Protein chains: 2
Amino acid sequence: MDQVESVRDFNRYYTRRLGVLTDRYLGQARPLSEARLLFEIGDRGDVRDLRVRLGLDSGYLSRLLRSLERQGLVRTRAHPDDGRVRIAELTEAGRRERAELDTRSRAGIGELLERLSAGQRRELIDAQRRIRRLLRLAAVTVRPVDAGAADARRCLRAYAGELRERFPEGYDDTALVDPAELTGDAGVLLVAYEEDRPVGCGAWRRLAADVAEIRHLWVAGPARGLGLGRRLLEELEAHASGHAVTTLRLGTHTALTEAIALYRSSGYRPIPPYDSSPYHQLSFAKRLAGPDVSWAG
Amino acid sequence: MDQVESVRDFNRYYTRRLGVLTDRYLGQARPLSEARLLFEIGDRGDVRDLRVRLGLDSGYLSRLLRSLERQGLVRTRAHPDDGRVRIAELTEAGRRERAELDTRSRAGIGELLERLSAGQRRELIDAQRRIRRLLRLAAVTVRPVDAGAADARRCLRAYAGELRERFPEGYDDTALVDPAELTGDAGVLLVAYEEDRPVGCGAWRRLAADVAEIRHLWVAGPARGLGLGRRLLEELEAHASGHAVTTLRLGTHTALTEAIALYRSSGYRPIPPYDSSPYHQLSFAKRLAGPDVSWAG
DNA sequence: CCGAATCTCTGACCTGAGTCAGGTATCGGC
DNA sequence: GCCGATACCTGACTCAGGTCAGAGATTCGG
């Protein structure tokens with residue numbers, strides 16, 4: 001069986017098993033969308049927000065809320081600052097109901113886990129962690145973005161903020177590269193998106209005819225551990241390679257230990273300092289294989 | 001986060017990701033139940049069978065078939081041997097449609113896999129295999145069954161048939177234990193069920209006040225590799241232990257290499273032959289820890 | 001202060017999915 | 001050849017889930 005077929009097969013099996021579980025433990029009495037809404041409201045939530053998060057039609061959501069209100073599970077009131085927006089909050093009964101649903105769902109999973117040994121349970125959870133990491137990584141798309149655009153600036157601001165925290169000497173924003181230097185043949189800024197949210201970036205900037213430097217490689221906190229840094233680095237190399245760059249340099253700070261490990265394991269070798277940036281305590285370089293190299297394998 | 005929460009979290013993530021995929025690649029134009037039916041019919045299938053496999057109401061299934069027939073995707077005719085049963089088969093257009101759905105679904109998964117490296121793909125598939133194995137194992141329930149009941153006899157017949165194949169000298173059914181000896185304090189037959197289908201069995205039979213023997217430990221072909229043999233053995237030990245048995249013996253055939261490995265790794269030690277069965281080329285024994293031992297951890 | 005935009009709500013409508021109660025044809029056993 | 005069981009079909013119904021068009025309240029920008 002090929003890989004695609006194997007994944008499809010797993011999907012079929014998993015959804016079927018999951019269906020049985022949720023049918024038995026959650027789907028009693030209450031429609032699924034109401035149950036989901038109860039969870040999503042949390043203790044309170046404004047309706048506009050709920051609509052976006054659950055992706056529901058405003059009319060439909062309104063009706064669902066009305067239904068929960070009739071059942072005494074939810075109360076709504078106007079937003080204090082914006083009279084158009086309404087706030088939904090769970091009543092005491094609503095909180096009990098949600099806790100009940102929660103307990104039932106936990107019980108279903110708990111029963112399932114009980115039939116496994118401790119080692120098997122750990123194996124299950126570990127395998128789920130791996131799958132999730134890989135699926136998240138596969139969901140991330142990386143594309144060039146104008147360095148002055150909103151998403152790009154948000155990434156760079158987050159990057160700078162983090163360096164300010166991590167460097168004992170702080171970080172001065174003026175060390176950021178000028179957006180104008182990352183266009184056309186002069187360089188590029190790549191932004192990684194997970195479900196339309198920017199979760200990482202990286203740039204290369206030309207230093208000479210066939211030499212460029214990697215700058216501002218950054219991955220947002222919640223997206224770390226996916227292997228996204230490596231992927232960004234690889235995409236930057238491929239992109240630079242396609243613009244006649246044969247040597248990549250970069251400078252980094254001794255405080256950034258994960259980054260240093262990444263560079264080393266990606267084939268970057270230490271070199272003497274190539275510029276005077278105070279943040280470049282260590283410098284590295286790598287010779288690229290050529291524009292037709294396939295890094296995706 | 002505790003284990004139950006971790007599993008729930010994975011379920012939520014996975015169904016959401018899966019939902020996006022199937023929405024985008026399968027849910028176009030054709031209702032899900034029709035699509036599923038197209039797949040399930042295969043090239044042909046009798047309606048009775050489809051009803052059971054898909055778990056549908058007969059009226060509903062009939063209507064679905066009528067709809068597919070109107071669309072020219074399915075043809076039905078009477079069963080040659082039984083005029084009550086109808087046979088559904090795909091027309092040329094139906095086969096094209098199914099192939100189209102298949103391609104689209106494959107494409108979705110394929111795109112996802114493409115964004116991973118070869119090693120990551122392998123890791124994903126391996127993790128899915130593990131999860132599936134563990135979930136199947138967790139879905140299996142083991143319970144005592146009267147050795148004369150239909151399910152029990154089916155298992156024992158399958159067990160005997162397999163030994164007949166695997167032993168060079170064949171196997172004589174009269175060597176099977178007498179059902180009457182597996183009741184009350186004299187012994188028990190446990191049957192393992194996966195979703196209501198019997199997929200394995202095992203028995204213990206009393207030989208003396210505190211001695212019993214394990215007999216007829218068997219796992220159906222499709223359920224092998226789940227660790228079900230070990231689980232049956234453990235449940236037999238616990239059950240025997242609860243009936244004042246302190247020593248378990250068993251005899252086995254040199255041809256049953258997996259079984260021998262299982263016994264050895266479960267704490268059974270070789271002993272001289274304790275009976276004259278021609279099939280007991282090797283004999284083992286194990287001392288049980290006591291009736292209150294917890295084997296489930 | 002006006003007009004456009006935003007937010008919620010209501011009513012009308014639709015589809016998919018499925019249940020339930022019969023009815024008809026056929027079969028298997030006697 | 002009759003009777004009960006089996007397999008199917010039809011019609012009537014329910015429910016969840018969701019879309020669409022507008023109305024009414026409120027806010028925002030100029």
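These numbers come from a predicted model, not from an experiment. Here is how names work: the chains are called A, B, and so on, in the same order as the sequence lines, proteins then strands, and each is numbered from 1.
- Between the side chain of B:Arg63 and the base of C:dG16, no donor-acceptor pair of N or O atoms lies under 3.5 Å.
- Remark: P of C:dA17 and CG of A:Leu32 are 15 Å apart, rounded to the nearest angstrom.
- For A:Glu165, the side chain to side chain donor-acceptor pair (under 3.5 Å) criterion is met by no residue, not counting sequence neighbours.
- Rounded to an integer number of Å, the gap from CG of B:Leu56 to C1' of D:dA7 is 15 Å.
- The residue among A:Thr76 and B:Glu34 whose nearest nucleotide of DNA chain C is located toward the 5' end is A:Thr76.
- Remark: P of C:dC9 and CD of A:Glu69 are 8 Å apart, rounded to the nearest angstrom.
- Using a 4.0 Å cut-off between charged nitrogen and carboxylate oxygen, B:Asp151 and B:Arg143 do not count as a salt-bridge pair.
- Rounded to an integer number of Å, the gap from CG of B:Leu37 to P of C:dA17 is 11 Å.
- Between A:Leu68 atom CG and C:dC9 atom P there is a gap of 13 Å when expressed in whole angstrom units.
- Side chains of A:Gln71 and A:Glu97: a donor-acceptor N/O pair is absent below 3.5 angstrom, by distance only.
- Positionally, the nearest nucleotide of DNA chain D for B:Leu65 lies more toward the 5' end than for the other of A:Gly55 and B:Leu65.
- Using a 4.0 Å cut-off between a side-chain N of Lys or Arg and a carboxylate O of Asp or Glu, B:Asp9 and A:Arg132 qualify as a salt bridge.
- Contact check, A:Arg51 against C:dT8: a side-chain N or O comes under 4.0 Å of OP1 or OP2.
- Enclosure of atom CZ in A:Arg133 by more than 12 non-hydrogen atoms of other residues, nucleotides or ligands within 6.0 angstrom is indicated.
- For the pair B:Leu64 CG and C:dG18 P, the computed distance is 8 Å after rounding to whole Å.
- Ion pair A:Arg86/A:Glu69 not flagged as a salt bridge, since none of the NZ, NE, NH1 or NH2 atoms sits closer than 4.0 Å to an Asp/Glu carboxylate oxygen.
- What separates CG of B:Asp57 from C1' of D:dA7 is a distance of 13 Å, to the nearest Å.
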Pair up each side-chain donor or acceptor in residues 45-54 of chain B with any protein partner under 3.5 Å, not counting sequence neighbours, and list the distances.
from, atom 1, to, atom 2, distance (Å)
B:Asp46, OD1, B:Asp49, N, 3.0
B:Asp49, OD2, B:Arg53, NH1, 2.6
B:Arg53, NE, B:Glu40, OE2, 2.8
B:Arg53, NH2, B:Glu40, O, 2.8

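- One interatomic measurement links the two molecules: CZ of B:Arg30 to P of C:dT15, which rounds to 16 Å at whole-angstrom precision.
- With hydrogens and angles left out, the side chain of A:Arg48 and the base of D:dT27 share no donor-acceptor pair within 3.5 Å.
- OP1 or OP2 of D:dT10 sits under 4.0 Å from a side-chain N or O of B:Arg66.
- The phosphate of C:dA17 has OP1 or OP2 within less than 4.0 Å of a side-chain N or O from B:Ser33.
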Using a 4.0 Å cut-off on protein heavy atoms (strictly under), produce a 5'-to-3' string for nucleotides 23-30 of chain C with B for base contact, S for backbone-only sugar-phosphate contact, and - for none. ---BS---

